[in-house]
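Notes follow the structure.
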Amino acid sequence: MPPSLIRYDYLRFTSGEQLRRARKFFELCNRRRTVRQFSSKPVSRDLLKTLIRTAGTAPSGANKQPWRFIIVTDAKLKRKIRIAAEKEEKENYEHRMSQEWLDDLAVIGTDWHKEFLEVAPALIAVFSVEYEKEGNRIRKNYYVKESVGLAVGLLVLAIHNAGLVSLTHTPSPMHFLQEILNRPSNERPFVLITVGYPAENVMVPNIQRKRFEQISLWL
Ligand SMILES: Cc1cc2nc3c(=O)[nH]c(=O)nc-3n(C[C@H](O)[C@H](O)[C@H](O)COP(=O)(O)O)c2cc1C
């Protein structure tokens, strides 16, 4: 089938404006930090919906958009998720993680307690959609991890841009999310994003970002 094409009206700026905008956006992104203490102040449904719509603008392999965002604001469900996550994380911290991993985490100061999962107003459980079912037919999705990773990146920035904070959390293993949230077998838990406002006087680890020279190479 031939492609159906439409004219694309891309954003045009002078080179001065380009640099100004690029720097401004860098500054915005550079201020983002992962927060681990949340306030219980609610976030409106409209706002959450807009953040997820932003995530849904990400590019994806063959435009399959292989993501599902499950927004959890119900207190009982959040509690269930916290209990299940803490059970796995306790096991991780006490038995499963290597000493090297524990040492790397010590700098950040995390442990198995995940109070934020209950305190924060919203959890966004992101699932990757491994394939779609159309009746009896299975339709493949492509580059699922890469696509969902890009969508989560946009989500995290959209949250930050809206004056909210987030915590990217990967309790491992995560299949308890599948059960608690009753997701079908073609969906796989990808990451759990806690969203809300920070607790008062919130502190974050004093860690540094790598410099340009450390993350890139001109050829
Ligand atoms: C895939 C992924 C998984 C993460 N998992 C956890 C986690 O389970 N618990 C946690 O406290 N932080 C987690 N983080 C947050 C990182 O620790 C944090 O992004 C990193 O320390 C850099 O800090 P910053 O986000 O403030 O720049 C995760 C981040 C990513 C991208």
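Whatever order the structure lists them in is the order used to number ligands and atoms, beginning at 1.
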Next on the checklist: What I want to know is whether Lys114 and ligand 1 share at least one N or O pair that is separated by under 3.5 angstrom.
Outcome noted: no
Item to check | Polar contact flag for Glu89 and ligand 1 (N/O pairs, less than 3.5 Å) | outcome: no
Numbered atoms of ligand 1 (with element) below 4.0 Å of [X], judged on heavy atoms:
X      : value
Arg33  : 24 (P), 26 (O), 27 (O)
Arg32  : 24 (P), 25 (O), 27 (O)
Ile207 : 21 (O), 22 (C), 23 (O)

Next on the checklist: With the threshold set at under 4.0 angstrom, would you say Leu167 reaches ligand 1 through any of its heavy atoms?
Outcome noted: yes
Checklist entry - Applying a strict 4.0 Å limit to heavy atoms, is Ile108 in contact with ligand 1? => result yes
Checklist entry - Is it true that Glu115 and Arg82 have a side-chain N and a carboxylate O under 4.0 angstrom from each other? => result no
Checklist outcome for this item: Tightest non-hydrogen contact, residues Asn141 and Val129, listed as ND2-O, 2.8 Å
Item to check | Protein heavy atom at shortest distance from atom 12 (N) of ligand 1 | outcome: Arg36 NH2, 3.2 Å
Next on the checklist: Under 6.0 Å from the ring centre and within 45 degrees of the ring axis: does the NZ or CZ of Lys41 meet both conditions for the six-membered ring of Tyr197?
Outcome noted: yes
Next on the checklist: Can you classify the ring geometry of His169 versus Phe116 as parallel (below 30°), tilted (30 to 60°) or perpendicular (above 60°)?
Outcome noted: perpendicular
